[in-house]
Amino acid sequence: MSTKTTQSFPDGAYMSLMRGLRELDLRGPCVPSELVLMDYAFPLAMNSRGQVLMAASLYGRGRIVVLGHEGYLTAFPALVENALTWLRGDGSDNLSVGIHKNIKAVADKISKSSFQAKVVGAFSGNLGLGVYVTDAYSVGAHVKDLVAFLKAGGGVLIAGQAWNWAANHPKENTLLQFEGNKVSGVAGIYFSKRYGKVECLPVCPQIPSSWMALCVGQEFEEDLAFLLQGVSEFDLRDTSASELLVHGPLAFSIGTTEDRGVFLGGSYYGQGRVIVITHEGLLKTKTLASFWKNAINWLDQGRKGVVGVVPELKLPSESGLKYEETEFRKDLSVFVCTVYKDDHMEEIQNFVAEGGGLLIGGHAWHWSYTNVGQNQMIDFSGNKILNKMGLSVLVTINEKGSYKPSQAKKDTNHFRHLLRRFAAHVTQGEEFTKHDGEQLNILTMNFLNMKAYDSYSYTQVLSILTDVLKKSGMPQVSEKNPVKSPKDRLLLSLGAAVYNTCPDPDALLPFLIKDIPSMPVVKNQRIRINTNTAGEMEWISTGLYLSPGMKTEIIIPANIVNKSWMIQIGCQTDILKADELKRAPSVCERFPVTTEKMQVSNLWGGLIYLVAPPNTKVQGAEVIVQMAVLAPYYKSGVTTAADWSMLRTAPSPWAELEFDNVNLTVPSDVVRDLERIDVVAALWNDIMKGIADLAAIPHKFARKERFVADVQISAGFMHSGYPIMIHTESANELVRPGDARTKGLWGEIHELGHNQQRTCWEFRPHTTECTCNLWSVYVHEEVLGLNREKAHPSMTLTERKRRVDEYVKGGKKLSDWTVWVALETYLQLQGKFGWDAFKKVFAAYHKITDYPSDNHGKMNLYAETFSQSVRMNLTGFFKAWGWPIDRATEKKLSNLPLWSDHPMV
């Protein structure tokens, strides 16, 4: 669990700047510019429309304060004096303040302060200043010197408005060409051409925030027109491009799929620009040559400077671009690279902020496969560079296809646009669609994972989401109170994400979950770990539970820290995508074990597990859980009958029964009256031995199977996997041995059969729901003593004969050879050769490492393997079922006696 402490910046900076001020009365003759903020910049004054009129930021080691009108320099002397104190920097004793002659009245205002004012004609680095004060129109030829002063630790106070300049320069780019922006822009504060509404503003104790401030800084039609000139399509038919999160106020989409996934985007950053393509292979694509030419020219901003391309990339020659193969250099105009290195991260960010162009390409999905448990938003090298610029590469993959460029005025894919619409939907009832909600949910989850608590852009979004949840509350979802509307579905998803990232989750908790039951806790519980995992990860049960929002510390032995172990809270790992939800879409949390003391919690509560990585052997390690709730937990060979009589009343709402080869996780009500746990253990030990016998594997499973009950699951009535998921109404079946031996457990064993299916002898899609039933039939007859006709209504002789007759009449087409029809093929084999034949076949397949990938080849291999196992030529039988048996296979088996009287004759 990440620590969510609010750092001194920007909150401490805001308090210093606004010290002693109760209000800012802007209702005078000054008409300010609205300011656009990026990254570390934060507002000092925000009006009722969410417009920022005063702001502050950092750049390098320096600080800057920006006021939306030069008149404010004399209208608010207390603010100016606070600003000068803050701009001087902590620990600096330089009281020298340079004031440009055009605003020399400021010198008179601070004459009684401790600062030493110097009125100057222009900025110079030789003046020995601590702070420089100027209007936004007098930067002139000293931009580079002033930026260097700021970067080196100087303070800059700059004020002005850009709307008048923009009206007189309609063809100029205000963000880049307005004089004041050439300085303030590098620190992420821009004077815009929009007027700011003037009001008397109260000074808030915290940095002001409003969902209405979630605007995009400008419209990008001119940029898109320039970039897309001569571009007719983006061909992604052969490319697995990552999705791009467009979240900065000056970021925009360039290329999108039909379902609104972004694969190409751009952004302004400081005085420079960036373009991101989410697969580096597209940088080399000939059909995109004209776009890359446009992109380089857009990034170059007319300088006609040197374009540097890292050696592993080659821009298409059709673009006609001249470039040098080089690693990063500061003297370049445009740098082209991939997202897979971050060794020049800060230098590249400063390069762009001070006017350079960055073209960067690559995906994150492959990285996610090799960095399991890491956070893509902060650990992936490309995002370390790009997050500040308002663009982030995600691990999700865009759908392949060919897409037409769009120059829509509104960037509906933009995170800020979607979030603003949702906030307006919650507070004002504006329209918000299901698709909007689904897209915003994914983008928000990723955005919050940046955990950039010292960035106002991040904390602003987090504050807005927290306010939305506090005002609307989170739906108290349950089986009796399902959630259906896009709004409630999204609130349900966002609740946990915001809870996990907000600075004060305890204050938010009552708005998310009502009536959390009070349960007795146990302390300093010691859990001994003995595990030897094979090729798959494994959950290790602790028998402990955390109630919703409850925190605990877990002490971890040093030998498993930073070894890909995880702590898991919750057993219901299904992620739901249904239109109607009976629980939140995701209720399980995992935490990579990175320190010897881990604090963990889960908004939804849940059983505590340790997750061991594949191929790991640990014996005798001890984990200490400092505080938790006891769960009804039985472990074969450890828990005695006397222990169980006490433990089955333990307060946790979830119980776990761990037998020799299977774990059953069920609501605790299911086991409260379960006295003969030994009989249940015997049942499941027998069932699992039966599963192993037919599969021709050892009775001791490499990893115990798991069943988990849930109020709602992601697919079907039950589904296979680790864990096997069942609905809570089926949980009682798991602990009733009498019913199991008289009524059967077809569905549960069907899912266990799914987990035994192997690609080498599976013919998908024909046998997907068929061969798993071999285990259902075998276990019911051989273990439970229940005839197959009683085990399932589809297994009666009448039904079986009808299916075969229909299949034959239909022409014995493989397209009809599925589920129960396909099962007849295997049951006919079993009727002739018995179950031992299947055991021999499965055993033979354990030794086969090289097998065909197509169904045709695999069916021939199966016919050959089965024939060899029973020493009889079965090719005629399989051909009679419509299998595509080759002559070569018939020839291989010609020395064996032919099964000529099979049921399909």
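As the structure is a prediction and not an experimental result, all values here were calculated from the model.
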Give a yes-or-no answer on whether the side chains of [X] and [Y] include a donor-acceptor pair shorter than 3.5 Å.
X: Tyr633; Y: Glu658; value: yes
X: Asp574; Y: His719; value: yes
X: Asp643; Y: Thr640; value: yes

Separation between [atom1] of [X] and [atom2] of [Y], rounded to the nearest 0.5 Å:
X: Phe511; Y: Lys471; atom1: CZ; atom2: NZ; result: 11.5 Å
X: Glu589; Y: Thr573; atom1: CD; atom2: OG1; result: 12.5 Å
X: Ser645; Y: Ile677; atom1: OG; atom2: CD1; result: 12.0 Å
X: Asn663; Y: Ile724; atom1: CG; atom2: CD1; result: 11.0 Å
X: Phe42; Y: Gln460; atom1: CZ; atom2: CD; result: 13.5 Å
X: Lys470; Y: Leu465; atom1: NZ; atom2: CG; result: 12.5 Å

So, applying side-chain hydrogen bond (donor to acceptor under 3.5 Å, both in side chains) with Gln376, which one of Asn383, Thr396, Asn446 is it?
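Output: one option passes, namely Asn446.
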Considering residues at least two apart in sequence or located in another chain, which fulfil the salt bridge (Lys or Arg N to Asp or Glu O under 4.0 Å) criterion with [X]?
X: Arg528; result: Glu622
X: Asp678; result: Arg676
X: Lys384; result: Asp342

Search all heavy atoms of [X] against all heavy atoms of [Y] and return the closest pair with its distance.
X: Ile567; Y: Met598; value: CD1-CB, 3.8 Å
X: Val625; Y: Thr552; value: CG1-OG1, 3.9 Å
X: Leu512; Y: Gly495; value: CD1-O, 3.7 Å
X: Val623; Y: Leu610; value: CG2-CD1, 3.7 Å
X: Leu734; Y: Glu748; value: CD2-CG, 3.7 Å
X: Met519; Y: Val629; value: SD-CG1, 3.9 Å

With heavy-atom distances below 4.5 Å as the criterion, would you say the side chains of [X] and [Y] are in contact?
X: Leu418; Y: Leu443; result: yes
X: Thr542; Y: Leu607; result: no
X: Leu391; Y: Leu245; result: no
X: Ile207; Y: Pro10; result: yes
X: Pro503; Y: Thr459; result: no
X: Met445; Y: Ser493; result: yes
X: Ile464; Y: Ser209; result: yes
X: Trp367; Y: Ser381; result: no

With sequence neighbours excluded, tell me which residues meet side chain to side chain contact (heavy atoms under 4.5 Å, CB included) with Ala612.
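Testing Ala612 for side chain to side chain contact (heavy atoms under 4.5 Å, CB included), a comparison that skips the adjacent residues, returns Thr531, Thr533, Ile540, Trp565.
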Of Val711, Leu576, Thr728, which is the lone residue that meets side chain to side chain contact (heavy atoms under 4.5 Å, CB included) with Lys582?
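Exactly one option meets the side chain to side chain contact (heavy atoms under 4.5 Å, CB included) with Lys582, and it is Val711.
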Out of Leu394, Val395, Val393, which residue meets the side chain to side chain contact (heavy atoms under 4.5 Å, CB included) rule with Ser242?
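Testing Ser242 for a side chain to side chain contact (heavy atoms under 4.5 Å, CB included) against Leu394, Val395, Val393 leaves exactly one candidate, Val393.
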Please answer whether the main-chain N or O of Met537 pairs with a side-chain N or O of Arg703 as donor and acceptor at a distance below 3.5 Å.
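Between the backbone of Met537 and the side chain of Arg703 there is a qualifying donor-acceptor contact (under 3.5 Å).
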Do the ring planes of Trp539 and Tyr722 sit parallel (below 30°), tilted (30 to 60°) or perpendicular (above 60°)?
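Geometry flag for Tyr722 against Trp539: perpendicular rings.
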Plane angle bin for His366 and Tyr369 - parallel if under 30°, tilted between 30 and 60°, otherwise perpendicular:
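Aromatic pair Tyr369/His366 classed perpendicular.
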Could you walk me through whether Tyr456 and Tyr14 pass the side-chain contact (heavy atoms from CB on, under 4.5 Å) check?
CA-CA 11 Å; Tyr456 171 73; Tyr14 175 80; over 6 Å; no
Donor-acceptor pairs under 3.5 Å, side chain of residues 647-654 to any protein atom, not counting sequence neighbours: which ones?
unit_1, atom_1, unit_2, atom_2, d
Arg648, NH1, Arg672, O, 2.5
Thr649, OG1, Met646, O, 2.7
Ser652, OG, Trp654, N, 3.0
Ser652, OG, Trp654, O, 2.8

With side-chain contact (heavy atoms from CB on, under 4.5 Å) as the test, would you mind laying out the steps for Leu494 and Leu448 before giving the verdict?
CA-CA 10 Å; Leu494 294 179; Leu448 290 179; 5.6 Å; no
Would you say [atom1] of [X] has more than 12 non-hydrogen atoms from neighbouring residues, nucleotides or ligands within 6.0 angstrom?
X: Asn481; atom1: CG; result: yes
X: Glu553; atom1: CD; result: yes
X: Lys514; atom1: NZ; result: yes

Arg706/Glu656 salt bridge by N-O under 4.0 Å criterion:
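Counted as a salt bridge, because a side-chain N and a carboxylate O are separated by less than 4.0 Å.
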Start with the C-alpha gap between Ile556 and Thr595, add the side-chain angles, then the distance that decides, and say whether side-chain contact (heavy atoms from CB on, under 4.5 Å) holds.
CA-CA 7 Å; Ile556 309 289; Thr595 61; over 6 Å; no
Return the set of residues passing ring-ring contact (aromatic ring centres under 6.0 Å, His included) with Trp211 (not counting sequence neighbours), or none when no residue passes.
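Here no residue qualifies.
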